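Along the sequence shown, the residues carry numbers beginning at 1. Because the structure is predicted, anything quoted here is derived from the model rather than measured.
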Amino acid sequence: MFDWLPTLPVVWIAVVVFAAMALVTAAIYALVMRLADGGRAEAFTAVSPGMLPPMGILFALIVGFLAVGVWDNVDRGEEAVTDEASALRSVVILSDDLPADLRVRMRALVRSQIRNAVNDEWPAMRERRADLTAVPRPLADALHLAIGFDPRTDGEAVTQRELVASIQDAGDARRRRIILSESGINALKWTGLVVLALLTLCAIAFVHSGNRTTARIAMGVFAAAVAVVITMLASQDQPFSGQLGLDPDVLEQVLPRGS
């Protein structure tokens, strides 16, 4: 429903959302006041102001639940990227204990895996088209290389076990970040949030239809609050998309240098 919105810069998200809320608020105000002029003023002013606090509380609760989900996805995305970088860094460090030819091959595979993640997987995650169908070849080759290594000492056996574990950890972290790249507020939740905001605007217009200045002020303040909320949620709705999306900087920092 709003998948395109989080891909915009934050400033443009704010412009779009505030403009949309201004238009909708003006339309609701004009409609309610026109109906009030048509003989429904008594019915509108009879609407109890006591209904506004429960609606406001309900709106705040929904916003709170959505915000928790959005920021939890961001935190888990950061954790997945950090875990992946740590696992690959461990592979690089452990490769120092391998024979020279295997060390060079292992580091080349780690380097290839990081470049594949940065150059191919990240753009796909930003566009929410990344999937787990294909196993990254460098990671699979690194795992096969580690498993196929024939240790000659107890130390090399320990290195082999740790290498296999670290490569598997990197694969698990990669799966988590790709899954999280598909996360976000679904259409039903967005619809519920927007519909409740519109209903609250209508209720404010009804309650204050007898005083148009008060109605404009109250509706304008609430509409601005709704716009701020939607801007905040939309700007971080997709953990790897948009201006505030997570970057692969941590992975690039562990890119092996030399052999």
Side-chain angles (χ1 to χ4, degrees), residues 1-36 44 47-78 126-128 180-247:
M1 182 179 180
F2 293 109
D3 284 348
W4 57 273
L5 193 58
T7 63
L8 300 175
V10 176
V11 172
W12 281 110
I13 293 176
V15 169
V16 170
V17 173
F18 273 84
M21 285 304 303
L23 290 174
V24 170
T25 303
I28 292 174
Y29 173 83
L31 178 61
V32 171
M33 297 307 159
R34 183 172 181 179
L35 292 174
F44 288 167
V47 175
S48 173
M51 69 181 297
L52 295 180
M55 295 185 73
I57 293 172
L58 182 58
F59 181 79
L61 286 174
I62 292 178
V63 169
F65 287 130
L66 294 180
V68 168
V70 167
W71 289 319
D72 181 61
N73 287 337
V74 173
D75 290 341
R76 289 192 293 150
E78 291 179 342
R126 288 194 182 102
E127 298 172 7
R128 306 189 77 184
L180 285 168
S181 71
E182 295 293 326
S183 65
I185 301 174
N186 61 40
L188 180 61
K189 294 176 182 178
W190 276 122
T191 301
L193 180 68
V194 172
V195 169
L196 184 57
L198 297 182
L199 289 175
T200 305
L201 282 171
C202 290
I204 293 172
F206 293 152
V207 170
H208 297 292
S209 58
N211 188 323
R212 300 196 174 191
T213 300
T214 302
R216 287 194 294 268
I217 293 173
M219 293 178 70
V221 170
F222 182 75
V226 172
V228 170
V229 165
I230 294 178
T231 299
M232 291 176 63
L233 292 176
S235 62
Q236 291 193 298
D237 178 30
Q238 300 170 10
F240 293 91
S241 301
Q243 182 179 350
L244 301 181
L246 299 175
D247 293 321

Give every donor-acceptor pair under 3.5 Å between a side-chain atom in residues 217-230 and any protein atom, sequence neighbours left out.
none

Write down the atom of [X], the atom of [Y], and the distance for their closest heavy-atom approach.
{"X": "Ala215", "Y": "Met33", "value": "CB-CE, 3.7 Å"}
{"X": "Gly77", "Y": "Leu246", "value": "C-CD1, 3.5 Å"}
{"X": "Pro49", "Y": "Pro53", "value": "O-CD, 3.4 Å"}
{"X": "Ala234", "Y": "Ile13", "value": "CB-CG2, 4.1 Å"}

With rounding to the nearest 0.5 Å, note down the distance linking [atom1] in [X] to [atom2] in [Y].
{"X": "Leu58", "Y": "Leu199", "atom1": "CG", "atom2": "CG", "value": "10.0 Å"}
{"X": "Trp71", "Y": "Met232", "atom1": "CH2", "atom2": "CE", "value": "4.0 Å"}
{"X": "Leu52", "Y": "His208", "atom1": "CG", "atom2": "NE2", "value": "6.0 Å"}
{"X": "Leu233", "Y": "Lys189", "atom1": "CG", "atom2": "NZ", "value": "11.5 Å"}
{"X": "Ser48", "Y": "Phe206", "atom1": "OG", "atom2": "CZ", "value": "14.0 Å"}
{"X": "Tyr29", "Y": "Ser209", "atom1": "OH", "atom2": "OG", "value": "10.0 Å"}

Do [X] and [Y] have side chains that approach each other closer than 4.5 Å (heavy atoms only, starting at C-beta)?
{"X": "Val194", "Y": "Val24", "answer": "no"}
{"X": "Val15", "Y": "Trp12", "answer": "yes"}
{"X": "Ser183", "Y": "Pro239", "answer": "yes"}

When you measure from the side chain of Ser241 to the backbone of Gln238, do you find a donor-acceptor pair of N or O atoms at a distance under 3.5 Å?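 Pair absent, no side-chain N/O of Ser241 close to backbone of Gln238.
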
Any side-chain to backbone donor/acceptor pair from Thr25 onto Ala22? Under 3.5 Å, distance only.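 Absent.
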
Before giving the answer on salt bridge (Lys or Arg N to Asp or Glu O under 4.0 Å), spell out for Asp247 and Arg126 the whole-Å C-alpha distance, their side-chain angles and the decisive distance to 0.1 Å. CA-CA 10 Å; Asp247 293 321; Arg126 288 194 182 102; 3.5 Å; yes

side-chain contact (heavy atoms from CB on, under 4.5 Å), paired with Ile185, selected from Asn73, Asp237, Leu193: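 The residue from Asn73, Asp237, Leu193 that satisfies side-chain contact (heavy atoms from CB on, under 4.5 Å) with Ile185 turns out to be Asp237.
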
Worked check of side chain to side chain contact (heavy atoms under 4.5 Å, CB included) between Leu31 and Arg34: CA-CA 5 Å; Leu31 178 61; Arg34 183 172 181 179; 5.5 Å; no

